[in-house]
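Here the structure is laid out as structure tokens; the discussion comes afterwards.
Proteins get letters first, then strands, A, B, ... in listed order; numbering begins at 1 in each.
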Number of protein chains: 2
Amino acid sequence: MNDLLRNLKISINESIYLKDPESSDLGKRIVEHGILLINELGFDNFTFKKLGERIESNESSIYRYFENKHKFLIYLTSWYWGWKEYQLAFATININDPKHKLNQAIEILTREVEEDQSFNHINEVALNKIVINEYSKSYLTKEVDDENKEGYFVIYKRLSNRLKEMIADVNEGYPYPASLASTILAGSLHQHFLKDHFTSLTDCGAETSPSQYFIHLTSNLLNS
Amino acid sequence: MNDLLRNLKISINESIYLKDPESSDLGKRIVEHGILLINELGFDNFTFKKLGERIESNESSIYRYFENKHKFLIYLTSWYWGWKEYQLAFATININDPKHKLNQAIEILTREVEEDQSFNHINEVALNKIVINEYSKSYLTKEVDDENKEGYFVIYKRLSNRLKEMIADVNEGYPYPASLASTILAGSLHQHFLKDHFTSLTDCGAETSPSQYFIHLTSNLLNS
DNA sequence: CAAAACTAATAGTAAGACTATCAATTTTGA
DNA sequence: TCAAAATTGATAGTCTTACTATTAGTTTTG
């Protein structure tokens with residue numbers, strides 16, 4: 001991402017946090033080291049107490065920013081999808097050919113993540129691993145419907161919808177654009193997970209990327 | 001499923017449990033009501049203490065069958081995939097045409113689950129909902145690699161592989177059979193979840209089923 | 001029918017997920 | 001610039017979860 005975006009802020013639904021972590025130094029440290037610590041321990045073993053120790057602050061101070069670790073995860077993953085949304089918008093804005101545009105979109109949404117200099121306190125590589133390993137835990141709960149109504153997943157839904165529109169622009173007769181879009185988004189996380197832990201269940205690995213798999217799949221499906 | 005299978009037992013890796021729950025009345029009650037209770041409360045809110053109260057037994061007695069609730073989930077989902085594996089084997093054994101065989105396989109693996117009379121103490125409909133809502137939590141952990149080595153996921157991997165073989169039998173030139181198989185299995189659970197909670201992200205619903213979507217996708221992909 | 005296995009009940013520990021209180025520090029706006 | 005407001009850190013405390021240990025009563029079985 002370029003310098004134009006250096007002052008950009010990904011905006012996130014205010015009901016996800018108690019106090020905006022972008023508004024203070026402590027808040028940014030919570031986010032920065034929260035990402036690193038969840039990535040190290042896994043979300044299940046992560047606690048606010050451990051994060052407090054890591055940043056030499058106090059558990060109770062973290063609770064003033066986020067109600068609980070579940071909301072913290074929703075905050076972090078929302079940030080991630082908001083970040084992807086910007087990348088997608090910038091990378092496809094000048095492309096007119098629908099096929100080329102869609103391929104570019106899939107590439108951006110499914111590729112291996114690299115560090116983005118525009119956001120100092122966020123390690124996008126670690127955050128991407130968190131999304132791969134933990135994102136589904138944020139919605140596989142008994143509270144999904146309530147939280148969905150509260151708008152906790154708007155960014156992801158908007159992103160999935162953009163992809164769906166691009167699919168429809170390539171082939172408006174294709175009957176399942178929404179399902180294909182969600183399959184690409186969730187399926188890509190899954191293929192990344194499989195290549196790290198269940199190699200027999202995927203063709204992705206050193207020589208083949210999830211991007212190649214999904215671009216091939218989509219092209220063949222829509223251009224036939 | 002027919003009467004031939006009435007005495008069938010789905011066999012599950014012995015290291016997943018401490019004492020075989022099929023070997024006693026209490027064990028069967030743990031499984032039977034464990035499925036119902038997890039379905040009611042969600043896995044996160046489920047505890048052995050609550051299950052003990054439900055079956056009028058004791059927490060400590062349940063701990064003699066399963067080390068912890070994580071292993072209990074692995075047991076239940078392994079049972080589910082073993083059950084699917086039998087259904088798949090029986091339904092495809094006499095089909096010779098590879099395309100027809102594959103379509104039949106996808107149908108079985110992605111369709112809405114109905115009660116199976118062959119296994120009295122197991123409510124397959126509730127178990128299917130558990131698999132949709134909780135299966136990914138069983139492998140999205142820091143311990144996956146160890147547990148995978150212990151064979152906790154063999155049944156699922158074997159099933160995914162069978163599907164992969166059927167895909168390859170239809171089109172041996174298709175470059176991503178393993179990824180397509182895992183996409184169908186995990187993607188189907190995901191589409192079922194979306195139709196219940198995020199309707200804008202899927203085309204599946206009252207008129208369209210995940211089976212139709214995946215059969216259409218696979219046919220178009222392999223027969224072009 | 002006695003030994004072995006199993007189950008239920010109780011108690012106890014350590015950690016997690018918070019809430020409340022208070023004092024010290026920092027920020028801020030009149 | 002100084003007093004009020006906001007923020008942070010430290011401590012303590014509650015309730016729940018996830019277990020482990022012990023014991024006593026019940027059932028099974030060779």
Side-chain angles (χ1 to χ4, degrees), chain A residues 14-34 37-38 40-76 121 134 137-138 140-143 146-147, chain B residues 14-34 37-38 40-76 121 134 137-138 140-143 146-147:
Chain A
E14 291 188 13
S15 63
I16 294 174
Y17 49 77
L18 296 171
K19 179 176 153 75
D20 184 0
E22 291 292 320
S23 71
S24 74
D25 189 63
L26 177 63
K28 285 181 197 149
R29 285 164 49 72
I30 289 170
V31 170
E32 176 177 2
H33 293 277
L37 195 57
I38 291 176
E40 274 175 45
L41 305 177
F43 185 68
D44 300 339
N45 301 318
F46 167 84
T47 70
F48 281 174
K49 190 167 186 192
K50 290 173 186 169
L51 178 55
E53 281 159 19
R54 175 69 62 102
I55 62 177
E56 287 176 313
S57 173
N58 199 275
E59 195 188 4
S60 60
S61 302
I62 301 170
Y63 274 105
R64 288 194 199 94
Y65 285 83
F66 297 99
E67 264 184 70
N68 50 51
K69 70 175 188 170
H70 173 247
K71 294 242 185 142
F72 186 45
L73 179 62
I74 293 194
Y75 177 86
L76 295 178
H121 64 296
E134 324 287 0
K137 296 174 191 169
S138 75
L140 294 176
T141 68
K142 278 283 162 184
E143 299 79 32
D146 289 341
E147 297 189 345
Chain B
E14 291 188 15
S15 62
I16 294 174
Y17 49 77
L18 296 170
K19 179 176 152 78
D20 184 359
E22 292 291 320
S23 72
S24 75
D25 189 64
L26 178 62
K28 284 181 197 150
R29 287 165 48 73
I30 289 171
V31 170
E32 176 178 2
H33 293 277
L37 196 56
I38 291 175
E40 274 174 45
L41 305 178
F43 185 67
D44 300 339
N45 301 316
F46 168 85
T47 69
F48 281 173
K49 190 169 187 188
K50 290 173 186 170
L51 179 56
E53 282 159 19
R54 175 69 63 103
I55 63 177
E56 288 177 312
S57 174
N58 199 275
E59 194 188 6
S60 59
S61 301
I62 301 170
Y63 275 106
R64 284 193 206 94
Y65 285 83
F66 297 98
E67 265 182 70
N68 50 52
K69 70 175 187 172
H70 174 246
K71 294 242 184 140
F72 186 45
L73 179 62
I74 293 195
Y75 178 86
L76 295 178
H121 65 295
E134 324 288 358
K137 296 173 191 169
S138 76
L140 295 176
T141 67
K142 278 283 162 185
E143 299 78 32
D146 289 341
E147 297 190 344

If you look at every heavy atom in A/K142 and B/N45, which pair is closest and at what distance? CG-ND2, 4.4 Å
For residues 40-62 of chain A, the salt bridge (charged side-chain N to carboxylate O under 4.0 Å, His left out) pairs (sequence neighbours left out) are A/E40-A/R54, A/D44-A/K137
So which pairs with a foot in residues 60-69 of chain A pass side-chain hydrogen bond (donor to acceptor under 3.5 Å, both in side chains), sequence neighbours left out? A/S24-A/Y65, A/N58-A/S60, A/E67-A/K71
If you pin B/S61 and A/D44 to their nearest nucleotides in DNA chain C, which one's is more 5'? B/S61
Heavy-atom pair of closest approach, residues B/G34 and B/L51: N-CD1, 3.6 Å
When the distance from CZ of B/R29 to C1' of C/dA8 is rounded to whole Å, what number comes out? 13 Å
My understanding is that only residues two or more places apart in sequence, or in another chain, count here; which of them pass side-chain contact (heavy atoms from CB on, under 4.5 Å) with A/E147? A/H70, A/I74, A/E143, A/Y152, A/F153
Of all heavy-atom pairs between B/E22 and B/K28, which one has the smallest distance, and what is that distance? O-CE, 3.5 Å
Rounded distance in Å - CD (B/E59) to P (C/dT10): 13 Å
Give the rounded distance in Å between these two atoms: CG of A/D25 and P of C/dT25. 18 Å
Non-hydrogen side-chain atoms of B/F43 and A/L140 separated by less than 4.5 Å: no
Closest non-hydrogen atom pair, B/G52 against B/I62: N-CD1, 3.5 Å
Would you mind reporting whether B/P21 and B/I30 have side-chain heavy atoms less than 4.5 Å apart? no
For DNA chain D, what residues of residues 63-73 of chain A have any heavy atom nearer than 4.0 Å? A/R64, A/Y65
Which class fits the ring pair A/F46 and A/F48: parallel under 30°, tilted 30 to 60°, perpendicular over 60°? perpendicular
Which two nucleotides bound the region of DNA chain D that has atoms under 4.0 Å from heavy atoms of chain A, read 5' to 3'? D/dT7 to D/dT11
Contact list for DNA chain D against residues 48-58 of chain A - heavy-atom distance below 4.0 Å: A/S57, A/N58
For B/L18 and B/F66, the nearest pair of non-hydrogen atoms, with its separation, is CD1-C, 3.9 Å
Euclidean distance, atom CD1 of residue A/I62 to atom C1' of C/dA17 [Å, nearest integer]: 13 Å
